[in-house]
S.K.: 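Got a structure for you, questions after.
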Amino acid sequence: MTALIFLAGMFNLFLGISFLYDPAGMGMQFGVSPNGALGMAVLRADFVAFFLVVGFCMLRGAWRRNGDLLLVPAALFAVAFTGRAISAAVSGTQPGFFEPMIAEAAQVILLVIGWRVIPHHKIEELTS
């Protein structure tokens, strides 16, 4: 489980770094295109932040065997999945729409299982 989380974390770090170096190219793969300098900044800032934070928390949580850190990327992927589900209901879908949702759902499942398996604090301890 730790190795799977570590590998997924490395993949997410790679995505974040890729958005930093080639925001337009990566954006096209994600179905978004920048609108001028502001659009490039959004791709570099938001996508890089998302994937680097997710990747770092996954790597750190797996490496240090700290299940608490796995809740951060699980929550981020769950929110992303929910946003896509709402978009599907409101705007409809097109070919290739569900593949990112499958990847997000798989990572949420992986991270929640990892959180249960890897040593962690009880939720009550984290929220009090």
S.K.: Among residues at least two apart in sequence or on other chains, which ones pass salt bridge (charged side-chain N to carboxylate O under 4.0 Å, His left out) with Arg44?
M.R.: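 Residues passing salt bridge (charged side-chain N to carboxylate O under 4.0 Å, His left out) with Arg44: none at all.
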
S.K.: Minimum heavy-atom separation for Pro34 to Gly39, with atom names?
M.R.: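 Reported closest heavy-atom pair: CB-C, 3.6 Å.
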
S.K.: Check for me, please, whether Val42 and Val79 land in the same ILVMFWY cluster - side-chain distances under 4.5 Å, paths through other members count.
M.R.: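 Cluster IDs for Val42 and Val79 differ.
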
S.K.: Group every Ile, Leu, Val, Met, Phe, Trp and Tyr by side-chain heavy-atom contacts under 4.5 Å, then state whether Ile109 and Val112 land in the same group.
M.R.: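 Yes; Val112 is reachable from Ile109 via cluster members.
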
S.K.: How far does CD of Glu104 sit from OG1 of Thr82, to the nearest 0.5 angstrom?
M.R.: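 It is 9.0 Å, given to the nearest 0.5 Å.
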
S.K.: Counting only heavy atoms not in Phe14, do more than 12 fall under 6.0 Å of its CZ?
M.R.: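 Counting other residues, nucleotides and ligands, CZ of Phe14 stays at 12 neighbours or fewer.
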
S.K.: To check you understand the geometry: which heavy-atom pair defines the closest contact between Ala88 and Thr93, and what is its length?
M.R.: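 So the minimum-distance heavy-atom pair works out to CB-CG2, 3.7 Å.
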
S.K.: Is it true that atom CD of Glu99 has more than 12 heavy atoms of other residues, nucleotides or ligands lying nearer than 6.0 Å?
M.R.: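 Result for CD/Glu99: enclosed.
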
S.K.: Ignoring hydrogens and geometry, is there a side-chain-to-backbone donor-acceptor pair from His120 to Trp115 under 3.5 Å?
M.R.: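 Flag set: sc His120 to bb Trp115 pair under 3.5 Å.
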
S.K.: Do the non-hydrogen side-chain atoms of Leu15 and Phe47 ever get within less than 4.5 Å of each other?
M.R.: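 Heavy-atom side-chain distance check fails, nothing below 4.5 Å.
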
S.K.: Treating Ile, Leu, Val, Met, Phe, Trp and Tyr as nodes and any side-chain heavy-atom pair under 4.5 angstrom as an edge, say whether Val54 and Tyr21 lie in one connected cluster.
M.R.: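 Yes, one cluster joins them.
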
S.K.: Distance from Leu59 atom CG to Leu69 atom CG, nearest 0.5 Å?
M.R.: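 The CG atom of Leu59 sits 11.0 Å away from the CG atom of Leu69.
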
S.K.: Supply the members, apart from Phe97, of the Ile/Leu/Val/Met/Phe/Trp/Tyr cluster built from side-chain contacts under 4.5 Å; use none for a lone residue.
M.R.: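 Traced through the cluster, Phe97 reaches Phe81, Phe98, Met101.
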
S.K.: Please list every donor-acceptor pair under 3.5 Å in which a side-chain atom of residues 3-12 meets a protein atom from a residue at least two apart or in another chain.
M.R.:
| from | atom 1 | to | atom 2 | distance (Å) |
| --- | --- | --- | --- | --- |
| Asn12 | ND2 | Ala8 | O | 3.0 |
| Asn12 | ND2 | Gln107 | OE1 | 2.8 |

S.K.: Starting from the C-alpha separation in whole Å, work towards a yes-or-no answer on side chain to side chain contact (heavy atoms under 4.5 Å, CB included) for Leu43 and Met26.
M.R.: CA-CA 9 Å; Leu43 288 175; Met26 288 299 294; over 6 Å; no

S.K.: Out of Phe19, Phe77, Phe56, which residue meets the ring-ring contact (aromatic ring centres under 6.0 Å, His included) rule with Phe50?
M.R.: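 When ring-ring contact (aromatic ring centres under 6.0 Å, His included) is applied between Phe50 and each of Phe19, Phe77, Phe56, only Phe77 qualifies.
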
S.K.: Roughly how far, to the nearest 0.5 Å, is the CG atom of Leu71 from the CG atom of Asn66?
M.R.: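 CG of Leu71 is found 9.5 Å from CG of Asn66.
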
S.K.: Looking at Pro23 and Met40, what are the two nearest heavy atoms and their distance?
M.R.: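 Pro23 and Met40 have their closest heavy atoms at CG-CE, 3.5 Å.
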
S.K.: Should Leu110 and Met1 count as side-chain neighbours, where that means a heavy-atom distance under 4.5 Å?
M.R.: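 Yes, side chains in contact.
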
S.K.: Could you grab the distance from atom CE of Met58 to atom CH2 of Trp63, nearest 0.5 Å is fine?
M.R.: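 Interatomic distance, Met58 CE to Trp63 CH2, rounded to 0.5 Å: 16.0 Å.
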
S.K.: Distance from Ser18 atom OG to Leu20 atom CG, nearest 0.5 Å?
M.R.: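 Output value for this atom pair is 9.0 Å.
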
S.K.: What distance separates Leu111 CG from Ile118 CD1, expressed to the nearest 0.5 Å?
M.R.: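 With rounding to 0.5 Å, CG (Leu111) is 9.0 Å from CD1 (Ile118).
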
